[in-house]
Novice: 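Dropping the structure in here first, questions after.
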Amino acid sequence: MEKKQLRIESRLAQIGSVEEPVTGAINFPIYPATAFRHPKLGQSTGFDYSRTKSPTRQVLEEAAAALESGDAGFACSSGMAALQTVFALFGQGDHLIVSLDLYGGTYRLIEKILSRYGVSATYVDTNDMDALEQSRKPNTKAVIIETPTNPLMMITDIEAVCSWARHHGLISIVDNTLLTPFFQRPIELGADIVVHSATKYLGGHNDVLAGLIVTKGKELSEEIAFLHNSIGAVLGPTDSYQLMRGMKTLALRMERHESNAMAMAMFLKEHPAVSEVFYPAFPDHPGYEVQQKQSSGNTGIFSFKVKDARYVEPLLRHIKLIAFAESLGGVESLMTYPAVQTHADIPLEIREAVGVDDRLLRFSVGIEHADDLIADLDAALNAAAAEIEGGA
Ligand SMILES: *Cc1c(COP(=O)(O)O)cnc(C)c1O
C-alpha cells in the first residue's frame with residue numbers, strides 16, 4: 001500500500017519505519033555525521049554537509065510535509081527559529097498583518113527584531129474581514145494567523161483569510177501548534193506556509209525543543225530551503241529522532257488531550273471560583289462553528305478566568321499533580337499565568353484589550369486520568385477560596 005493512502009494514524013505510527021535500507025531496523029537511525037564522503041568529483045550521495053541536509057532530519061522533514069499536505073518540510077532548532085526563518089522572507093519596507101491575540105514570543109520577534117530590518121506589522125482581529133481589509137497597505141506582504149490563539153482560544157476562518165490573502169497576492173502563514181495536523185491542516189484550506197512549535201504537541205513529552213515549517217508550492221519551498229540553510233537554525237539529528245518518536249503517538253495523545261480538556265473545562269465552568277472558560281469546543285464559544293468546519297477535533301488547551309485575581313497566587317501554590325510551568329502540549333498537565341509568563345513581553349494595553357489580564361490562567365491538560373486532575377484542581381481552588389474568604 002502506498003504510504004500516502006494510509007490514514008493519518010497509520011502514517012504517524014510509521015514515521016521513519018521502512019526507510020533504513022542497510023539493516024532493516026524498524027526505527028530510522030540517528031546519523032550524527034556533519035560531513036559526507038563524495039564518490040568522486042561532481043558526484044554526491046545527496047548529502048554534503050548537515051546544515052543543508054541530514055539523513056535523520058530529512059525523514060522528519062518529509063513526514064512533516066506529508067502530514068501537513070505540503071510540498072516541503074524544514075526542521076528547525078525551535079518554534080521561534082522556524083518563525084525567524086520564515087520571516088526572513090521579508091525585508092526593508094515590508095508590512096505584515098498579524099493575529100491580534102498572538103504567542104508572546106512571535107510578537108517579540110516581530111516588534112523587537114524584524115523592526116530592525118525595516119519590517120512593520122499591524123495587529124488585527126483576523127476574523128473581522130473589514131478590519132483585515134482596512135489594515136492592508138500597498139507594501140503588505142503576508143498575513144500571519146494562529147487559530148486557536150494562545151491563550152484566548154479565538155478562532156480564525158483559515159479558508160476565508162487565505163483566499164482573501166491569495167486574492168491580494170499576500171503570503172498566508174498559519175501557526176498550527178495548538179491543533180497539529182492530526183486535527184487541522186491549514187494548507188488544505190489554502191495556506192502557503194504552516195509553522196509549528198514542535199516542542200508542544202508534536203514532541204509531546206516536554207523534552208525536546210524543535211520547530212517545523214511546511215511550505216506549499218515550488219517557489220516558496222525553494223526560497224525557504226535557501227533561508228533554512230543560509231540562516232542555519234536547523235534541528236540536530238538526535239532531536240530529530242526524539243521528535244519523530246514523539247510524533248508516532250500523536251493520534252492517541254491528541255484524542256486523550258481533547259477528552260480530558262473537555263472534562264476539565266466542564267468542571268471549571270460550573271465552579272463558583274471561576275467566572276469564564278474560553279474553550280472553542282463549547283457551542284457558546286464565538287468561534288465554535290468555524291472550528292467545527294475547519295478542524296476534526298479540539299486542542300487540549302483552554303484558558304479560564306478566576307473571579308478574583310487574588311485567587312491566582314494560592315491556586316498556583318496549591319496545585320500538586322498539575323505543575324505551575326510555562327509551555328503546553330505535553331503529556332504532563334501544566335498551568336501557566338500568561339500575564340507574567342508567556343505574554344509578559346506584550347504591552348499592557350494590547351494584553352488588556354484582548355483580555356489577557358491578571359485573572360486569566362491557561363491550562364494545558366495532559367493525559368493523566370481526568371478524575372485525578374479534577375480532584376487536584378478542586379482541592380486547590382477550595383484551598384485558595386478558604387485563604388481568601390478567611391483573610392477577608
Ligand atoms: C511555543 C510556541 C511558539 C514558540 O516555539 P518554541 O519551540 O518555544 O520556540 C510559537 N508559537 C506558538 C503558538 C507556541 O505555543
Side-chain angles (χ1 to χ4, degrees), residues 60 64 68 74-88 96 98-114 121 123 126 144-156 158 173-181 183-184 186 191 193-214 228 231-236 239-240 242-243 246-247 254 257 261 278 280 295 298-303 325-330 332 334-338 341-346 354 356 360-366:
L60 165 66
E68 283 287 6
F74 305 91
C76 301
S77 50
S78 68
M80 293 321 303
L83 283 157
Q84 167 73 326
T85 301
V86 169
F87 290 161
L96 309 174
V98 187
S99 277
L100 188 59
D101 176 31
L102 190 72
Y103 177 69
T106 309
Y107 177 84
R108 180 176 59 196
L109 179 60
I110 295 170
E111 288 302 306
K112 303 237 164 103
I113 317 287
L114 289 196
Y123 301 85
T126 43
I144 296 144
I145 59 178
E146 284 179 24
T147 178
T149 57
N150 163 16
L152 283 168
M153 314 308 294
M154 296 202 260
I155 303 297
T156 290
I158 298 175
I173 302 164
V174 181
D175 183 330
N176 202 28
T177 299
L178 265 61
L179 280 171
T180 81
F183 280 150
Q184 173 172 281
I193 300 179
V194 168
V195 181
H196 279 279
S197 169
T199 315
K200 315 294 169 55
Y201 283 118
L202 293 175
H205 295 73
N206 291 320
D207 63 359
V208 58
L209 188 73
L212 288 171
I213 306 166
V214 176
H228 189 233
I231 294 169
V234 301
L235 194 64
D239 287 344
S240 296
Q242 190 130 327
L243 177 54
M247 286 167 71
M254 290 312 287
H257 283 300
F278 304 89
S295 324
N298 294 290
T299 181
I301 294 149
F302 66 88
S303 55
E326 244 161 299
S327 197
L328 57 92
E332 299 95 352
L334 306 182
M335 196 163 300
T336 307
Y337 190 30
Q341 294 181 303
T342 50
H343 289 63
D345 279 308
I346 298 185
V354 295
V356 182
L360 186 82
L361 287 160
R362 187 185 74 197
F363 190 5
S364 173
V365 186

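This one's a predicted model, so the numbers in the text were calculated from it and none came from an experiment. One-based numbering, in listed order, for ligands and for the atoms of each. Start at 1 with the first residue, then count along the sequence.
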Novice: Would a distance-only check, ignoring hydrogens and angles, find a side-chain to backbone donor-acceptor pair under 3.5 Å from Thr299 to Leu178?
Specialist: yes
Novice: What are the atom names and distances for all N or O pairs under 3.5 Å between ligand 1 and the protein?
Specialist:
| unit_1 | atom_1 | unit_2 | atom_2 | d |
| --- | --- | --- | --- | --- |
| ligand 1 | 5 (O) | Ser197 | OG | 2.9 |
| ligand 1 | 7 (O) | Gly79 | N | 2.8 |
| ligand 1 | 7 (O) | Ser197 | OG | 2.8 |
| ligand 1 | 7 (O) | Thr199 | OG1 | 2.7 |
| ligand 1 | 9 (O) | Gly79 | N | 3.0 |
| ligand 1 | 9 (O) | Met80 | N | 2.9 |
| ligand 1 | 11 (N) | Asp175 | OD2 | 2.7 |
| ligand 1 | 15 (O) | Lys200 | NZ | 2.7 |

Novice: Taking Gln184's backbone N and O only, do any of them form a donor-acceptor pair with Asn176's side chain (distance below 3.5 Å, no angle check)?
Specialist: yes
Novice: With sequence neighbours excluded, what pairs up with Leu209 under the side chain to side chain contact (heavy atoms under 4.5 Å, CB included) test?
Specialist: Ser78, Thr199
Novice: So, the side chain of Thr126 versus the backbone of Ile145: is there a donor-acceptor pair under 3.5 Å, distance only?
Specialist: no
Novice: Within the side chain of Thr147, is there an N or O that forms a donor-acceptor pair under 3.5 Å with the backbone of Thr156?
Specialist: yes
Novice: Would you say His257's side chain and Val365's backbone share a donor-acceptor pair under 3.5 angstrom?
Specialist: yes
